Amino acid sequence: MLTDRRRLGVLVLAGGGIALLLWYLAPWAVPHRLFGGEGVLLNPFGHHLPEGTLPQGYRDGWLFAVFYLSLAWLLLTLLAPWTKAPTKALYALGLLGLGLFLLGYVLFQQSVAQVNAPLERPLLRRYSLGLGSYATLGYSLYLLLLARVFSPGGLAFLVRRRGVVVPLFSLLLATLIGGVIVAILRESPALPQDLRHALLLKLDLITYTYQLLFSPLVNPSGFLQSLLLATPLIFTGLAVALGFRGGLFNIGAPGQLILGAIAAMLVGVYLPGPRWLVLPLAILAAALAGGLWGALPGWLKARFGAHEVINTIMLNYIAASLFLFLISANEYKFFGSTLYLPFKYPGYEARSHEIRPEARIPHWTDLVAPGGELSFALPLALLLGVAGYLLARRSLGHRVLFGLLGAGIGYVVGGLLPGPQVSFGPDLTSVRLNGAFLLALLALLFFHFYVFRTVGGYELRAMGLAPKAAEYGGVLAGRKVVLIMFLAGALAGLAATHYVLGGGIDEYRLKQALPYSVGFDGIAVALMGQNTPVGVGLAAWLFGILLTGGLQVNLQLGISRELVAVLQALVVLFIAAGGFLPRYFTDPLRAAEVELKAEAARRGAEEAKEVRR
Amino acid sequence: MNLDTAFWTALFLSTLRQTTPLLFTALGGMFSERSGVVNIALEGIILFGALTAAVVVERVENALGPGPHPWLPWVGVLSAMAVGGLVALVHAVVSIRYRADQIISATAINLLALGAPSLVLTYFYGNATNSKEVVNRLPLWGPEGFALSPLVYLAFLLVPLSWWVLFKTPFGLRLRAVGEHPEAADTLGVNVHRMRYIGVLLSGVLAGMAGAYLAIGFLNQFVRGMSAGLGFIALAAMIFGKWHPLGILGSTLLFGFASALAIQLQGTEILPAVLVQAFPYVVTVLVLAGFIGRSRPPAAVGRPYEK
């Protein structure tokens, strides 16, 4: 117990020390910031005020009030491990810290509003709290975490949730390294006067970069844009995750996406017919073509034992060549004779003809409010679908059937209900989010049901965990490998529906600008999401946010948007290394050991209590 | 069609030039896999090497003036080798010390090689796709008309050298033992982890050299994604070459010939260039499927070792 207490003391001291250091070195709040990133930095140990940027009326008294309170709080936290019930004390102090952070936030907002309110055009812009304040928040959360870990069974609690702990910790590490990269790559906007000042500017720069990266969360058009960028990532993330679940590494998502795009284009441009027929056919074609392109390396593995990793990569290059072949010219010379292809649209740019209107996936405004009138079709379909699924209880098939039935009824009834008139600003309507996003959500559902609720999915997971055992248990391994790769390829192929049929790349065409490398981003999404549907959805959204914010970073700070790609790669690397966490976070056997130990300790404590009685 | 001597000479020289980076990388991959670590990060390491060589040479030129500095390209090559080794070290630490899935760890490095160069290029040159052209490229050695970069000669010299190292020295024996049966090697007192670190580092150094060849031997700048799957093709060549230097020489020559043919056919009316470009990749798929011969990898490849 004593050693435990001492360890807790050291951990609290370390966290508190870092918090104090950040309080001293980082700005607590930035009431005003110029476009390039330079701002008024408030810090209790001395402000950084570029000339003529802070107006007369601004009062910073709140800052010192919060600072002295925080200082007292920090001292208390350092004492907490030596109290009678340290974990209880830490819980209380952690909550108190959250309160302090909130207090600072409210007071800061008030102080800004005081200046801005009487003016017609707000004087203070791009204001936000700074790293100093966030340090309070971070330290509070850290204390709460310590409190939980040092409660009985705390380590087992962490280890049981290693599916969340490892990715989040890896993300944290990647974020720290990303911060260092930003600090190196960009000089501070203003000339520093001394070392503390230089660090103040650098730390503010790093904070601002991450604020910009996450800025899509707080403005509506950025929010939609993040969903738009998440759409293909969900598909490709699932394509990789399905492979991982089955013990295969599918790096072929880019190629599968390209084939899907080609097929969607062929059906969408050249197949005449009514909408109810052509649109589903175009979507199916994308899935089928991607699936077949994925099944090819699966077959090569099953039949010839050729490893899927290099084969899928090679097929990416081959697919890219094929894609360019189809849309970059109309005529080709083969051994002197000429081949004419009809696919390229006339003009300098390599792009196909336009997708027929019947085969286009509707824009989000047409789904949410067709004809300017808010529609209840989708919300009601969702509501009744979930209700149908939850209320039916006999069997899985029964539940799914009722769910689908409910969704259908909801869609029809909701479509008939009259809705209020709504209109959206141009910043929202210009975001090319479309129905492919709903397809992506359906793909998440499909993944969940197939992998975790069917016999086929059970076999797939068995293949991933222990291929020999699965084969002994009756799984036809070769066929299963081909099937897994087919399904993975189909998921990647569906990502193309967003780009080609949904107009995700500015036009309803197949264009050379097709960003098929999102297939590689799917690897990061799958690892970050730990190959679960909820995880993949959230990870795709996270990267969608970062990519959207990356544009702002590029615009305002002149740092390449590829910063996000680097962050993704680092996340993959760190997750592969188990977040550099102790063995019991990565090794299921050792994790079980930890849990057993915790269980034994709990039983021992109970018995001791009874004996005492 | 007029396929005269000039065409064949050009094809021959082009084959040698195309084979060079493949040979460096495939030999590197051989050292790594013989020690038991899969290294598909070679693709990314080539890019890092190329970036380093191009940027280092350009920066020095920027500082000292463009005037001919015969030593400068060699500094570029050495720094590319160093950076290649460093990046490989990351892969080694993560996959040996932290027992990561070697393919995922290597994929992370490949992803990094897609993004990181843009950050560096934007920082130095304000654009995300290519570096400034350099003046001091690697020299050309050889008779008029047949002059080749010294790295071409070096690559082919490395074949007998690595054969000797791998099969005639105690070091080579240990390296192979560690990749075939680490437990047995460990029992005999071989430091498994150290041998694996060395194997991976060697692969990184050689791939870095391949990158330097691309950036300041083949071209005179870094271009985004300039490796274009070379690292993966090299790995296929290594498998096809049965993890043996002489086999690798043969298989890389085949791939080099395929690429050279693709280049020579461009602009002619025999086959469309966009399709011909895919030729080496198709050959790779066929080779891996075993249509052109089967091979057996080192027994312990891809498995982390723990005592």
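Keep in mind that the numbers below use all heavy atoms, side chains included, and drop hydrogens, waters and symmetry copies. In what follows, chains carry the letters A, B, and so on, assigned in the order in which the sequence lines appear, proteins first and then strands, with residues in each chain numbered from 1. Because the structure is predicted, anything quoted here is derived from the model rather than measured.
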What is the distance from atom [atom1] of [X] to atom [atom2] of [Y], rounded to the nearest 0.5 Å?
X: B/N110; Y: A/I313; atom1: CG; atom2: CD1; result: 7.0 Å
X: B/I104; Y: A/L527; atom1: CD1; atom2: CG; result: 5.0 Å
X: B/S95; Y: A/L573; atom1: OG; atom2: CG; result: 9.5 Å
X: A/M314; Y: B/I233; atom1: CE; atom2: CD1; result: 5.0 Å
X: B/T284; Y: A/Y317; atom1: OG1; atom2: OH; result: 10.5 Å
X: A/I310; Y: B/L235; atom1: CD1; atom2: CG; result: 4.5 Å

Per-residue contact mode, [X] against chain B (heavy atom under 4.5 angstrom):
X: A/I251; result: side chain
X: A/F580; result: both
X: A/R583; result: side chain
X: A/L563; result: both
X: A/L185; result: both
X: A/V566; result: both
X: A/F249; result: side chain
X: A/F244; result: side chain
X: A/L567; result: neither

Beyond-backbone contact of [X] with [Y], side-chain heavy atoms, under 4.5 angstrom:
X: A/I181; Y: B/L119; answer: yes
X: A/N554; Y: B/T122; answer: no
X: B/I103; Y: A/H307; answer: yes

*What residue in B/A113, B/A106, B/S118 has the most heavy-atom pairs under 4.5 Å with chain A?*
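Going by pairs under 4.5 Å, I would pick B/S118.
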*Looking at B/V282, B/D101, B/L114, B/I109, which one has more heavy-atom pairs under 4.5 Å with chain A than the rest?*
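Most pairs with chain A among the choices: B/V282.
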Contact part of [X] toward chain A, heavy-atom cut-off under 4.5 Å: side chain, backbone, both or neither?
X: B/R99; answer: side chain
X: B/V93; answer: neither
X: B/Q102; answer: neither

*Assess whether atom OH of A/Y516 is packed by more than 12 heavy atoms of other residues, nucleotides or ligands within 6.0 Å.*
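No, because the 6.0 Å sphere around OH of A/Y516 holds 12 heavy atoms or fewer from other groups.
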*Are more than 12 heavy atoms from other residues, nucleotides or ligands located less than 6.0 Å from atom CZ of A/F325?*
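Yes, the 6.0 Å shell around CZ holds more than 12 heavy atoms from other groups.
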_If you count heavy-atom pairs within less than 4.5 Å of chain B, which of A/P297, A/A319, A/A565, A/S321 leads?_
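Sorted descending by pairs with chain B, the first entry is A/S321.
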*Do you know which of A/S328, A/A577, A/G578 has the most heavy-atom pairs with chain B at a distance under 4.5 angstrom?*
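When all of A/S328, A/A577, A/G578 are compared, A/A577 has the most.
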